[in-house]
Structures are given as C-alpha cells and as structure tokens.
Amino acid sequence: MKKTYKIDVDCANCANKMEEAANRTDGVKEAVVNFMTLKMIVEFEEGSTPEEVMPRVLKNCKIVEDDCEIFF
C-alpha cells in the first residue's frame, strides 16, 4: 500500500535526510520525499499499517531534522 503525506521541511538537504530516515524505519518498504511539492510517498511493507508505522517515521525524521513535520 502507498500513501502520500504533506510535509513541512526547510531545505532540500533536510528533505533528503527525512527520506533516508523514513527508509530506515521498520514497516516502510520505500519512502520518497519531494522537496518541491513538499510531499512524502510511503510504500508500506506487507502486514504493516500506516497507523502503526507513520508515528515511527515521524520520530525517526525528527532525530535527523528536529523541526520537520509530517501531516497524517
């Protein structure tokens, strides 16, 4: 399953850090961040739900970029 989320991030480098952090999160098959559109597309692993995975994605993203935000 793929879902798209609106994000708030200050620069392209920060968006890249968010993408890397999201891809390291358990339950995420692939995450792609587009700084120009301020969107994150997340494909979840089989058996994972967005409700359980996205709070972990946000937590991991805030470790590398503390002022980022994901709206889900």
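In this text, all values refer to a predicted model and were calculated from it rather than measured experimentally.
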Does any non-hydrogen side-chain atom of V9 lie less than 4.5 Å from one of L38?
yes
Do you know which two heavy atoms are closest between Y5 and P50, and how far apart they sit?
OH-CB, 3.4 Å
Shortest non-hydrogen pair, T37 vs N34, comes out as N-OD1, 3.1 Å
Taking side-chain hydrogen bond (donor to acceptor under 3.5 Å, both in side chains) as the test, write out the residues that go with T25, two or more places apart.
N60
Are F35 and V42 grouped together when hydrophobic residues (ILVMFWY) are joined by side-chain heavy atoms under 4.5 angstrom apart?
yes
Restricting to non-hydrogen atoms, name the atom on V33 and the atom on A15 that form the minimum distance, rounded to 0.1 Å.
CG1-CB, 3.6 Å
Which heavy atom of M40 sits nearest to which heavy atom of C61, and what is that distance?
CE-SG, 4.3 Å
Name all pairs fulfilling the salt bridge (charged side-chain N to carboxylate O under 4.0 Å, His left out) condition that reach into residues 8-36, sequence neighbours left out, sorted by first residue then second.
K29-E43
Looking at every non-hydrogen atom in both residues, tell me the closest pair between G27 and S48 and how far apart they are.
CA-OG, 3.4 Å
Testing the basics here: between A31 and N23, what is the closest heavy-atom pair and its distance to 0.1 Å?
N-OD1, 2.8 Å
Spacing of CD1 belonging to I41 relative to CD1 belonging to I7, to within rounding of 0.5 Å
10.5 Å
Only pairs at least two apart or in different chains count here, so list each salt bridge (charged side-chain N to carboxylate O under 4.0 Å, His left out) that has a residue in residues 63-72.
K62-E69
Any L58 side-chain heavy atom under 4.5 Å of F72 side chain
yes
